Amino acid sequence: MTEPEFAPADAAARPLWLVPQGEDGPVWPEGVDSGFAAATGFAGRPGQLCLLPGEGGVSGALFGVGRPATPADRPARERFTLARAAEALPEGAWRIAGAPAGYDMTHGALGWLFAQYRFTRYKTAEPPRARLVCPEGVDRDAVLAMAAGEYLARDLINTPASDLGPAELEEAARDLAARHGASVDVITDAALAEGFPMIAAVGRAAGSGRAPRLIDLRFPGEGPAVTLVGKGVCFDTGGLDIKPSASMLIMKKDMGGAANVLGLAETLARLGRAGGLRVLIPAVENAVGSDSFRPGDVLASRKGLSVEVNNTDAEGRLVLADALAYAAEAQPPLLISMATLTGAARVALGPDLPPFFCDHDAAAEALFCAGRDHADPIWRMPFWEPYEAMIEPAIADLDNAPLGGFAGAITAALFLRRFTEGAGTYVHFDIYGWQPSAAPGRPKGGVGQGMRAILHALPALTGVA
């Protein structure tokens, strides 16, 4: 895994001023030749850059950050504006020489590190040219920990299924455990078929070389007793209800939930906050084969509920259900699932704003505010009780994909909630895990969603700082 880095504190760094727009133009920093900058057309607009000349080349730079922050309920159109500076400045070390009052420097530094991410497993990429000295007042270790978790999630999602199947996802969990003194237990083969029949059914067609498994990662020590469950479908063909080829192109990302919970675990471990954390990942490939589970099959589940399969492309909720039931048996006070689960969530909110479901109003408010305040937006949707009848078929306890397509994200969340009895607060995130086009700090490809919202809400959710 590539490590995020700041420039050394003693580096010969050039100054970078963050310049806001005032009522009558830019608010010029003291000591800066505003005449030169104005002559270049610099106006302090968000993302605008002006390189300042000096002996032997560039002596410093101005970077526009626009008008003062809008109210909290009106987020800026661009999330990591300072990442544009990281991508555009000349090579070398840079330091923040000045910023407007109230500017969120932690947010800026995090965006800078996000912009320096490169996925280099299969081809070389130009390394980051401009490096940032960690700004004064910023918790260096916390920002590096958040960036490291994001890097891990991106690396896992960006790796194609040819190199990341259930076994490799297990290896990633074991590597994380080795780094941080955690333990890993993996359930496979006959024990999986007996104790987790839906995980086994979904993954059995992939064959012995890509056999399904349940990965159970545990961190020692005392802590808030949080359990994270991440969907680990390493590739999704749709099964016998096969997807069209265009819909399969980015299905390597269908383990994005697993990538996100591992990324969050990495961050928590680096911050010394992973004591008592448990991470469960049902890792499978939803393949087409002679042993594929079929539309119309009725599957047993770990919880004892029977599930009629209306669509084999709604496999994520099946594997999550067995894992959630297992998690709930330990009665964790907080149980969180993350999954690239439904197209309905993307239709409702698009790729950039993942919905989450939570019955506990105070917990939901804490999550929403943490996401808003830490550039990781999420949006609450309801466990709408009147739709429960939609997931109750005629011949089984539950239906994995009700006909009609209405409220698909909600019915999937309701389905999962049926398997969480015994847990305390349950939160489900229906993430996309993919950046469809490049944006500041977020190159096209795998991306973390919801990790920082959970991270910063955990003290409120668990009562443990």
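Quick caveat, the model's predicted, so the values are computed rather than measured. FYI, side chains are in, hydrogens and waters are out, and symmetry mates aren't considered; it's all heavy atoms of this structure.
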Below 30° counts as parallel, above 60° as perpendicular, anything between as tilted: where do the rings of [X] and [Y] land?
{"X": "F419", "Y": "F415", "value": "tilted"}
{"X": "W379", "Y": "F368", "value": "perpendicular"}
{"X": "F42", "Y": "W28", "value": "tilted"}

Separation of [Y] [atom2] from [X] [atom1] (nearest 0.5 Å):
{"X": "R417", "Y": "C358", "atom1": "CZ", "atom2": "SG", "value": "10.5 Å"}
{"X": "L62", "Y": "L51", "atom1": "CG", "atom2": "CG", "value": "9.0 Å"}
{"X": "L271", "Y": "L455", "atom1": "CG", "atom2": "CG", "value": "6.0 Å"}
{"X": "D373", "Y": "H456", "atom1": "CG", "atom2": "NE2", "value": "9.5 Å"}
{"X": "F356", "Y": "M338", "atom1": "CZ", "atom2": "CE", "value": "11.5 Å"}
{"X": "L334", "Y": "H360", "atom1": "CG", "atom2": "NE2", "value": "10.0 Å"}

Could you report the tightest heavy-atom contact between [X] and [Y], atom names first, then the distance?
{"X": "A323", "Y": "V229", "value": "CB-CG1, 3.8 Å"}
{"X": "P332", "Y": "T227", "value": "CB-OG1, 3.6 Å"}
{"X": "T2", "Y": "Y151", "value": "O-CD2, 3.2 Å"}
{"X": "L262", "Y": "L152", "value": "O-CD2, 3.8 Å"}
{"X": "N260", "Y": "V447", "value": "ND2-O, 3.9 Å"}
{"X": "A453", "Y": "D376", "value": "N-OD2, 3.0 Å"}

Salt bridge or not for [X] and [Y], using N-O below 4.0 Å?
{"X": "D185", "Y": "R213", "result": "no"}
{"X": "E3", "Y": "R270", "result": "yes"}
{"X": "R121", "Y": "D155", "result": "no"}
{"X": "R79", "Y": "D352", "result": "yes"}
{"X": "R346", "Y": "D430", "result": "yes"}
{"X": "R179", "Y": "E266", "result": "yes"}

Does the [X] side chain pair with the main chain of [Y], one donor and one acceptor, at a distance under 3.5 Å?
{"X": "E91", "Y": "A130", "answer": "no"}
{"X": "K231", "Y": "R317", "answer": "no"}
{"X": "Q449", "Y": "P351", "answer": "yes"}
{"X": "N158", "Y": "G446", "answer": "yes"}
{"X": "R129", "Y": "P127", "answer": "no"}
{"X": "R452", "Y": "A375", "answer": "yes"}
{"X": "T340", "Y": "Y432", "answer": "no"}
{"X": "R131", "Y": "F6", "answer": "yes"}
{"X": "R84", "Y": "Q48", "answer": "no"}
{"X": "T81", "Y": "P46", "answer": "no"}

Validation row: [X], [Y] side chains within 4.5 angstrom (heavy atoms):
{"X": "R67", "Y": "R45", "value": "no"}
{"X": "L214", "Y": "V186", "value": "no"}
{"X": "L320", "Y": "L341", "value": "yes"}
{"X": "V427", "Y": "D359", "value": "no"}
{"X": "L458", "Y": "L268", "value": "yes"}
{"X": "I336", "Y": "F429", "value": "yes"}
{"X": "L82", "Y": "Y103", "value": "yes"}
{"X": "V58", "Y": "L52", "value": "no"}

> Going through the checks in order, is the side-chain hydrogen bond (donor to acceptor under 3.5 Å, both in side chains) test met by S337 and H428?
Replying inline: CA-CA 5 Å; S337 59; H428 166 59; 3.0 Å; yes
>> Suppose we call two aromatic rings close when their centres sit under 6.0 Å apart. Are F80 and W112 close by that rule?
In response: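 No, too far apart.
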>> Between R380 and E365, is the salt bridge (Lys or Arg N to Asp or Glu O under 4.0 Å) condition met? List the steps.
In response: CA-CA 9 Å; R380 187 184 186 186; E365 181 68 11; over 6 Å; no
>> Please determine whether side chain to side chain contact (heavy atoms under 4.5 Å, CB included) holds for the pair F63 and W17, giving the CA-CA distance in whole Å, both sets of side-chain angles, and the decisive distance to 0.1 Å.
In response: CA-CA 6 Å; F63 183 78; W17 287 272; over 6 Å; no
>> Could you go through E315 and V233, starting from their C-alpha distance and side-chain angles, then the distance that decides it, and tell me whether this counts as side chain to side chain contact (heavy atoms under 4.5 Å, CB included)?
In response: CA-CA 9 Å; E315 85 299 332; V233 178; 3.6 Å; yes
> Picking from D236, D254, T237, what satisfies side chain to side chain donor-acceptor pair (under 3.5 Å) with N286?
Replying inline: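 When side chain to side chain donor-acceptor pair (under 3.5 Å) is applied between N286 and each of D236, D254, T237, only D236 qualifies.
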> Run the side chain to side chain contact (heavy atoms under 4.5 Å, CB included) check on E285 and V202 step by step: do they pass?
Replying inline: CA-CA 8 Å; E285 179 171 337; V202 171; over 6 Å; no
>> Can you confirm whether E136 is buried at CD, in the sense that more than 12 heavy atoms of other residues, nucleotides or ligands lie under 6.0 Å from that atom?
In response: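 No, CD of E136 has 12 or fewer neighbouring heavy atoms, counting only those of other groups under 6.0 Å.
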> Would one find more than 12 heavy atoms of other residues, nucleotides or ligands at under 6.0 Å from atom CD of E329?
Replying inline: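 Above 12, so yes.
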>> The test is side chain to side chain contact (heavy atoms under 4.5 Å, CB included); show your working for C134 and V143 and say whether it passes.
In response: CA-CA 9 Å; C134 186; V143 172; over 6 Å; no
